[in-house]
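Working notes, structure below.
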There are 2 protein chains.
Amino acid sequence: MKALSIKDIAIKANVSITTVSFIINGKAKEKSISEAVIEKVEKIIKESGYKPNQIARSLRTGNSNIIGLIVEDISNSFFAKIARLIEDKAYKRGYKIIYSSTENSVEKAQELINMFKTRKVDAYIISPIKGIEEDIRMLLSDDKPVILFDRNLADVNVNYVGANHFNASYQSIESFVEQGKKNIALVTTDIDVEQITERFDGYKKALLDSGLAYSEELVLKIHFNQDEETTINQIKNLFNNQKIDAVLFATNYLAISGLKVLKQIKKEIGSEFSVIAYDDHEAFELHTPGISTIQQPLEDIAETVIKLLLNQLSSKTKLPNQQVIIPAKLIIRD
Amino acid sequence: MKALSIKDIAIKANVSITTVSFIINGKAKEKSISEAVIEKVEKIIKESGYKPNQIARSLRTGNSNIIGLIVEDISNSFFAKIARLIEDKAYKRGYKIIYSSTENSVEKAQELINMFKTRKVDAYIISPIKGIEEDIRMLLSDDKPVILFDRNLADVNVNYVGANHFNASYQSIESFVEQGKKNIALVTTDIDVEQITERFDGYKKALLDSGLAYSEELVLKIHFNQDEETTINQIKNLFNNQKIDAVLFATNYLAISGLKVLKQIKKEIGSEFSVIAYDDHEAFELHTPGISTIQQPLEDIAETVIKLLLNQLSSKTKLPNQQVIIPAKLIIRD
DNA sequence: TGGTTATAGTAAAACGTTTTACTACACCAA
DNA sequence: TTGGTGTAGTAAAACGTTTTACTATAACCA
């Protein structure tokens, strides 16, 4: 049962392929096709269930109505939620999203970009990693819209949407200080992206501004793709060996490992020991006591990404790149 | 900066397009192209960075090396994790995955299937919903491999991989009974798929086999896409109005809502009140006390799905459909 | 009347591949 | 010399669209 082609429709309707194509693409009026023919052809299309072959279409037009979305790890709830929101919004505007995970591997990211490129996606939404700057520049020079989100790359001039990581981090520390905390730790990762360094800088700056000393002993940088057991041991070490009364986790999965440690070593969260986690997670609300978190405005981020993208797609001329920074929200729970 | 085509390579190498194509596709030997020419062409390809246009390739060959994955909701951690595992495994075998969420809407599912069809994906992995039986039969009659997972459709003869939901549910209730529980509730959804009805049947059968009465008052069926507030109120009602000493949640998101209720009404989980949740979630391990769960073997499911799929893809003849049922594991935590 | 304009539509090239059927030549055996 | 076989390679069709440039007829008008 081979699929119907535009040719079959043309034969059935006894008109030319061109005419059918014009009708399908809503150009019938401007190409002066008569009402009668339009109706006849549309009827045949409906009855036969003909669907244009998108591959052929893409080959001819060079675009696909598909947007490629590249994230670090689709199984991380932050990315899964953002992906889902973006998918919904794009879908409503007639675009499909295809997504894939980089696993923080430069190689895989490059391969994905290449795959998307050879499949002629119309635009890219990327949560980037260091090392793919050159690839992104290539996309830009192909005149394809690119939006980075969550993480920015310092030395590429491109659209970016993300939360204000510096401020969020700064506020968290401030809030610890207001509670009278003196020994505030930071558990972060060693991924070298702006978003992570900003969180780090916010931590440092807030400490200094509050008259507290910054001490390297209180900062733990976890290697980004080691197994969880190692992570847990390192955090355990930190908690056991340092006098700490508060800790900021720079990502939600680090916080989850951290909470596991606290459970294991039976350290209670409360007035003696406070925790704030970056990026909310179901587990934090449910936790007893509730875990305070920095919530990124997922909905806003997704909406802004899509809006920027569609602007670019519908504009003939290249629009200036924008950097949109959206405030994050500190949610205090207990 | 237009992309290079096979023609450009042919000109540069001073050979025909055909020759280049044979070399790219590893058919040079069998088509008796000389070693010298092969080397020359390969060198030019490497130096110029030429990448074949996959769209043109798909148009010509009718396939794409892409597998379409359709799930209910990619932001649900069960699906996100499965998707990620499948993606990894497919990737290693040279296939790309593109995924999309149905949101439990028949219409959206059909549109997605259509989109994948017109993009000529080579195979489908679908966590189906009732109402798309006909669409799946269409795919099968197109001779495209289809694997259902997580949920089966009773009246379509197709490959299926899933956990043993009946047994898992049965065992959970058994374990409650062993603990001396008498009033065991079930919170489930009203989605009409085998996997959910099996969980329900396991619950019922186990009660009867243990000599406990089955009572409709103890079963709450939540409408599948209502907002969480309503769900929480309904569960609160159940917990407040019925004498219950144990509850099985049929999905992880229901369990999360349920745990929120328990927190709100300050009901402690312990010897008086036991909980088991279907499908593990980070929040359950972290919860105090830990929440017992039924773990589906994600890794096994993903591996089996991919294996079945690749068998079909590489076989010339149509293989018989298989139904693979994988045992789930009851994890008792406290 | 002839020239312009509008209406209604079509033929054919192009997008970048893969693949079938072919050519051209050399070599060898009978 | 003929014919067969192997080697090395190519021309051209095909996949299913979109789009440009074209034709043919009717209508209008001065």
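The chains referred to below are lettered A, B, ... by the order of the sequence lines, with proteins before strands, and numbering in each begins at 1.
With rounding to whole Å, A:Asn25 atom CG is found 13 Å from D:dG16 atom C1'. Atom C1' of nucleotide D:dT18 and atom NZ of A:Lys7 are separated by 16 Å, given to the nearest angstrom. Whole-Å rounding puts the A:Lys29 NZ to C:dG9 P distance at 13 Å. Atoms CG (A:Leu59) and P (C:dT17) sit 9 Å apart, rounded to a whole Å. With rounding to whole Å, A:Gln54 atom CD is found 10 Å from D:dT17 atom C1'. Regarding B:Glu35, its CD atom lies at a distance of 14 Å from the C1' atom of D:dT7, rounded to whole Å. The nearest whole Å value for the distance from the CD atom in A:Glu30 to the P atom in C:dT7 is 13 Å. Atom NZ in B:Lys31 sits roughly 15 Å away from atom C1' in D:dG6 (whole-Å rounding).
Within the structure, every side-chain polar atom (N or O) of A:Ser21 is placed at least 4.0 Å from both OP1 and OP2 of D:dT17. The phosphate of D:dC15 has neither OP1 nor OP2 within less than 4.0 Å of any side-chain N or O from A:Asn53. Side-chain N/O atoms of B:Ser58 include none lying less than 4.0 angstrom from OP1 or OP2 on C:dT17. Side-chain N/O atoms of B:Thr18 include none lying less than 4.0 angstrom from OP1 or OP2 on C:dT18. The phosphate of C:dT18 has neither OP1 nor OP2 within less than 4.0 Å of any side-chain N or O from B:Lys27. Side-chain N/O atoms of A:Tyr50 include none lying less than 4.0 angstrom from OP1 or OP2 on D:dG16.
Across C:dG9, D:dT10, D:dG9, the shortest atom-to-atom separation from the side chain of A:Thr19 is found for C:dG9. When distances are taken from the side chain of B:Ser16 to each of D:dA11, C:dA8, C:dG16, the shortest belongs to D:dA11. Considering only side-chain atoms of B:Ser32, the nucleotide from D:dA8, D:dT17, D:dG16 that sits closest is D:dA8. Here the nucleotide nearest the side chain of A:Arg57, chosen from D:dT18, D:dA8, C:dG9, is D:dT18. When distances are taken from the side chain of B:Arg60 to each of C:dG16, D:dG9, C:dG9, the shortest belongs to C:dG16. In this structure, of D:dT10, D:dT17, C:dT17, it is D:dT10 that holds the atom nearest to the side chain of B:Phe22.
Residue A:Thr61 is in sugar-phosphate contact alone, with no base atom involved, counting any heavy-atom pair closer than 4.0 Å across all strands shown. Using a 4.0 Å heavy-atom distance criterion, A:Ile17 is classed as a base contact.
A salt bridge links A:Arg151 and A:Glu72; the closest N-O separation between the charged side-chain nitrogens and carboxylate oxygens is under 4.0 Å. A salt bridge links A:Glu299 with A:Lys89; the closest basic N to acidic carboxylate O contact falls under 4.0 Å.
Between A:Phe116 and A:Tyr124, the ring planes lie tilted relative to each other; the angle falls in the 30° to 60° range.
Rounding to the nearest 0.5 Å places CG of B:Asp150 at 4.5 Å from CD of B:Gln195. Atom CD of B:Glu39 and atom CD1 of B:Ile33 lie 14.0 Å apart (nearest 0.5 Å).
Taking the six-membered ring for Trp, B:Tyr99 and A:Tyr99 have ring centres closer than 6.0 Å.
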